[in-house]
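Below: one structure, written as structure tokens.
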Amino acid sequence: MKPIVARHTPVTPLPVDLEPTDAELEAIEWELPLILAERDLLDVEISVLDRTPSELDQRRIRRARRKMLAIRRALTNQALAVNLPGGAA
């Protein structure tokens with residue numbers, strides 16, 4: 001069996017270093033609570049895709065949405081406090 005390989009050079013060459021930078025890792029770590037909250041909301045929404053949501057399902061969706069929005073607000077306020085003149089450094 002012969003392997004199938006491309007015989008032409010790629011249009012955009014891959015960078016030598018494919019690892020994320022320290023700044024990118026810090027940004028991911030800073031946003032991780034929001035990422036997890038969005039994932040939880042998505043899980044709840046997916047669980048009711050194939051049926052009509054019950055009252056309990058609707059509460060779970062509202063609770064997950066409120067949690068995600070609260071985390072988003074906290075991260076936004078934290079970012080604004082750091083970037084504004086006179087804010088915490």
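Since we're looking at a predicted model, the values are computed, not measured.
For the atom pair Glu31 CD and Arg72 CZ, the distance stands at 10.0 Å (nearest 0.5 Å). Interatomic distance, Ile46 CD1 to Arg39 CZ, rounded to the nearest 0.5 Å: 11.5 Å. In this structure, the separation between CD1 on Ile61 and CZ on Arg59 is 12.0 Å, given to the nearest 0.5 Å. Separating the NZ atom in Lys67 from the CG atom in Leu69 is a distance of 12.5 Å, to the nearest 0.5 Å. Met68 CE to Ile35 CD1: the interatomic distance, rounded to the nearest 0.5 Å, is 13.0 Å. Expressed to the nearest 0.5 Å, how far CG of Leu42 lies from CD of Glu38 amounts to 9.0 Å.
Within a 6.0 Å sphere centred on CG of Asn77, other residues, nucleotides and ligands contribute more than 12 heavy atoms. The number of heavy-atom neighbours closer than 6.0 Å to CD of Glu55, taken from other residues, nucleotides and ligands shown, is above 12. When the shell of 6.0 Å around CZ of Arg51 is examined, it contains more than 12 heavy atoms from other residues, nucleotides or ligands.
Between Ala37 and Ile71, the shortest heavy-atom contact is CB-CD1, 3.7 Å. When every heavy atom of Leu75 is checked against every heavy atom of Leu34, the shortest pair comes out as CD1-CB, 3.7 Å.
Side chains of Val44 and Asp40 form no contact here, defined as non-hydrogen atoms less than 4.5 Å apart.
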